[in-house]
S.K.: 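Below is one structure. I have some questions about it.
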Amino acid sequence: MADKVQRVRGTQDLYGDAIARFDHVVDTFNRVRKLYGFKRVDVPVFEFTTVFARSLGETTDVVSKEMYTFEDRGGESLTLRPEFTAGICRAFISNGWQQFAPMKLAAYGPLFRYERPQKGRYRQFHQLDAEIIGAAEPAADVELIALADHLLAELGCKDKVVLQLNTLGDAATRTAWRAALVEHFSAHADALSPESRERLAKNPLRILDSKSEADRALVADAPGIDAFMSAEAGAFFEAVQKGLQAAGVAFERAPALVRGFDYYRHTAFEFVTDHLGAQGTVIGGGRYDGLIETMGGPSTPAVGWAGGIERLAMLVGEPKEEVDRVYIVFDGEAAAAKAEALVARLRTDLSKAWRSASFLRERRCEVEMLSRGNAKKDFERARERGADVIYTVRADGSPGWDSMLLDEYRVHDRTGSDPHGTGAVVGAVVMPWIIGREVRLPSASYRADYHIRLPAQA
RNA sequence: GCGAUCAUAGCUCAAUCGGUUAGAGCGCCGGUUUGUGGUACCGGAGGUUGCGGGUUCGAUCCCCGUUGAUCGCCCCA
């Protein structure tokens, strides 16, 4: 078994379209979080086990059976991070970051949970993470949620997702409500589904969003949180809702929404979708005012959320490619050196053009050379790989690359007068930048604004 | 941790009721034709049918086990 050449269960090898979508999500996150002033933070992939065990709650599933925990050679118990918040809070405490509070932080990277894999669920998965640490006011919750909402809008998947919002009240509210729920469900324990009987002991709030038919009726007349809500907690939640309305963030109240980790207080929210099978939550988070103090730090209020990159990537579909591809095909040894020189020249010219021409910034251009020896095959390959323009370099006998003959093919240009349609020769070019002529940069659209003047050779 | 379905070439899939040498497309390699066409032709390599055991004259096919994948429960992003 040890010599099996195979992936560990629940991990992924990302390539091509899959990684393109992944990157698109991360790039969009980075772009949007800057708009809100969230600074990047990066924390270790593993921590002392206690960092997660104490913060998440000993009885949560993640801690009790899903952590990748191991002993290092020094005998320390370490754990691969199953979430971001605990590690970031630990960093906050370790480095005395309270001097910078309030902090708006953004992170992303791999997380690890030993779970049975299924659609949108992996053992090594990736999250985006946003936290506001050291801000007690409801405006922080609003800003944080607005960031998530904005991200989803930029990713173009807002129509597939709804924001569910709830409050868990402050510590006193939550404790009283929880006690009432335990009392209510205990009285009807025999009518409860087996899963919910489990939950009664471990996490009674969870019974509220049970999918079991048997539990529905009991859940329906379970006590609601509002009866236990303290005046402060009620006002806080009210302010959050008002703020979201003002910010134009649509949401719906979800009284049964309860988050998995013990540290949540007040605001709890999830962006959910029905496009992902059993994994409905795309972004989830809430306020965790007591956590940092519990972990041994200064009393510090905080809110945060995490979003599953894989799940978001599955929602966004194909990111449109803004790539122009130039392929250089050549025939024979004599043309090889010329082709090399042409590739190098095009790449440097393009990188200069990129810096100065702002209208090009949104696009990319790739220049590649094909040299498999069979010009015919190379030509076909270039087309298959999505070439927009193909130059063939002719071996004309002259030694200098600055006098080489090129045939230019524009793969997508159907409007040309060429009788053969696209893919045929559009024009033979003799090092146009030498004589100062304008050369069109390859572009799928061929608008005039993509014409640039390549600098003459020095 | 529990349940269901599945596993055949690099990829996507065939293979009759359990029956002869397990096929096709794509991809890969080589070649032909054309200084180059949105789609040509010829040939080649590539298989322990996931793995192990059983039933049978004979197993890709039936049974058991195992590993993995997918989907669901649980939980979560």
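Protein chains get the first letters and strands the later ones, always in sequence-line order, with residue 1 at the start of each.
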S.K.: Once side chain to side chain contact (heavy atoms under 4.5 Å, CB included) is applied, do any residues pair with A/R31, and if so which ones, sequence neighbours excluded?
M.R.: A/T28, A/E154
S.K.: Using the side chain to side chain contact (heavy atoms under 4.5 Å, CB included) criterion, which residues pair with A/P223? Sequence neighbours excluded.
M.R.: A/A180, A/L181, A/H184, A/F228
S.K.: Which residue, A/E83 or A/P117, contacts RNA chain B at a nucleotide closer to its 5' end, judged by nearest heavy atom?
M.R.: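 Comparing both residues, the 5'-ward one is A/P117.
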S.K.: Please compare A/F125 and A/K65 by the position of their nearest nucleotide in RNA chain B and report the one closer to 5'.
M.R.: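 Closest to the 5' end, via its nearest nucleotide, is A/K65.
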S.K.: Using the C1' atoms only, state how far B/rG46 lies from B/rA22, rounded to an integer number of Å.
M.R.: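 It works out to 14 Å between them.
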S.K.: Using the P atom on both, measure B/rC74 against B/rC28 and round to a whole Å.
M.R.: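 So the two P atoms sit 46 Å from each other.
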S.K.: So A/G280, base contact, sugar-phosphate only, or nothing? Heavy-atom distance under 4.0 Å.
M.R.: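 Counting heavy atoms under 4.0 Å across all strands, no contact is made by A/G280.
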S.K.: Rounded to whole angstroms, how far apart are CD on A/E310 and P on B/rU70?
M.R.: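 For the pair A/E310 CD and B/rU70 P, the rounded distance is 13 Å.
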S.K.: Are OP1 or OP2 of B/rG72 and a side-chain N or O of A/Q118 less than 4.0 angstrom apart?
M.R.: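 So the side chain of A/Q118 is within the cut-off, an N or O lying under 4.0 Å from OP1 or OP2 of B/rG72.
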S.K.: From CG of A/L208 over to P of B/rC75, roughly how many Å is that when rounded to an integer?
M.R.: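 Interatomic distance, CG of A/L208 to P of B/rC75: 12 Å.
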S.K.: May I have the distance from A/F112 (atom CZ) to B/rA77 (atom C1'), rounded to whole angstrom?
M.R.: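 After rounding, the gap between these two atoms is 15 Å.
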S.K.: Between atom CD1 in A/I207 and atom C1' in B/rC73, what is the gap in whole Å?
M.R.: 17 Å
S.K.: Measure the distance from CD on A/E66 to P on B/rA77 and round it to the nearest whole Å.
M.R.: 10 Å
S.K.: Between N or O atoms, less than 3.5 Å apart, protein on one side and nucleotides 2-9 of chain B on the other: list the pairs.
M.R.:
{"unit_1": "B/rC2", "atom_1": "N4", "unit_2": "A/R116", "atom_2": "NH1", "d": "2.5"}
{"unit_1": "B/rG3", "atom_1": "O6", "unit_2": "A/R116", "atom_2": "NH2", "d": "3.4"}

S.K.: Once you round to the nearest 0.5 Å, how far does CG of A/L165 lie from CZ of A/F271?
M.R.: 9.0 Å
S.K.: Starting from P on B/rC71, measure out to CD on A/E115 and report it in whole angstrom.
M.R.: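 These atoms are roughly 14 Å apart.
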S.K.: Hey, does A/G120 reach any base, or is it just sugar-phosphate, or nothing, if we go heavy atoms under 4.0 Å?
M.R.: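 Base, at least one base atom sits under 4.0 Å.
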S.K.: Between A/D274 and A/K160, is there a salt bridge with N-O shorter than 4.0 Å?
M.R.: no
S.K.: Among residues two or more places apart or on two chains, list those pairs meeting salt bridge (Lys or Arg N to Asp or Glu O under 4.0 Å) that have a residue in residues 283-295 of chain A.
M.R.: A/D141-A/R287, A/R287-A/D289
S.K.: Output all residues satisfying side chain to side chain contact (heavy atoms under 4.5 Å, CB included) with A/A233, sequence neighbours left out; order by chain, then residue number.
M.R.: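 So A/A233 forms a side chain to side chain contact (heavy atoms under 4.5 Å, CB included) with A/D170, A/T173, A/M229, A/S230, A/H266.
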S.K.: Using the C1' atom as the reference point in each nucleotide, state the distance between B/rA14 and B/rC26 in Å, no decimals.
M.R.: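 Comparing C1' positions in B/rA14 and B/rC26 gives a spacing of 15 Å.
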S.K.: Say you pick atom C1' in B/rC13 and the same atom in B/rG37; how far apart are they, in whole Å?
M.R.: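 These two C1' atoms come out 30 Å apart once rounded.
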S.K.: Can you tell me which nucleotide in B/rG72, B/rA77, B/rA69 comes closest to the side chain of A/R7?
M.R.: B/rA69
S.K.: A/A302: what forms a side chain to side chain contact (heavy atoms under 4.5 Å, CB included) with it, not counting sequence neighbours?
M.R.: A/I133, A/Y288
S.K.: Is any side-chain nitrogen or oxygen of A/R259 closer than 4.0 Å to OP1 or OP2 of B/rA77?
M.R.: yes
S.K.: Just checking A/Y108 against A/H126, ring centres under 6.0 Å apart?
M.R.: no
S.K.: Apply ring pair (Phe, Tyr, Trp, His ring centres under 6.0 Å) to A/H275 and list each qualifying residue two or more places apart in sequence or on a separate chain.
M.R.: none
S.K.: Please give, in whole Å, the distance from B/rU70 P to A/R121 CZ?
M.R.: 12 Å
S.K.: In whole angstrom, give me the gap between the C1' atoms of B/rA9 and B/rU60.
M.R.: 14 Å
S.K.: How would you label the contact of A/Y122 with the nucleic acid (heavy atoms, under 4.0 Å): base, sugar-phosphate, or nothing?
M.R.: base
S.K.: When the distance from CZ of A/R9 to P of B/rU67 is rounded to whole Å, what number comes out?
M.R.: 9 Å
S.K.: Runs of at least three consecutive Watson-Crick or G-U pairs, both distances under 3.5 Å, are what I'm after; which ones involve RNA chain B?
M.R.: B:1-7 with B:67-73, B:10-13 with B:23-26, B:28-32 with B:40-44, B:50-54 with B:62-66
S.K.: Any ring-ring contact (aromatic ring centres under 6.0 Å, His included) pairs touching residues 36-65 of chain A, not counting sequence neighbours?
M.R.: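 Pairs touching residues 36-65 of chain A that pass the test: A/Y36-A/H150.
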S.K.: Does A/F251, at its CZ atom, have more than 12 non-hydrogen atoms belonging to other residues, nucleotides or ligands within less than 6.0 Å?
M.R.: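 Counting neighbours around CZ of A/F251, more than 12 heavy atoms of other residues, nucleotides or ligands fall under 6.0 Å, so yes.
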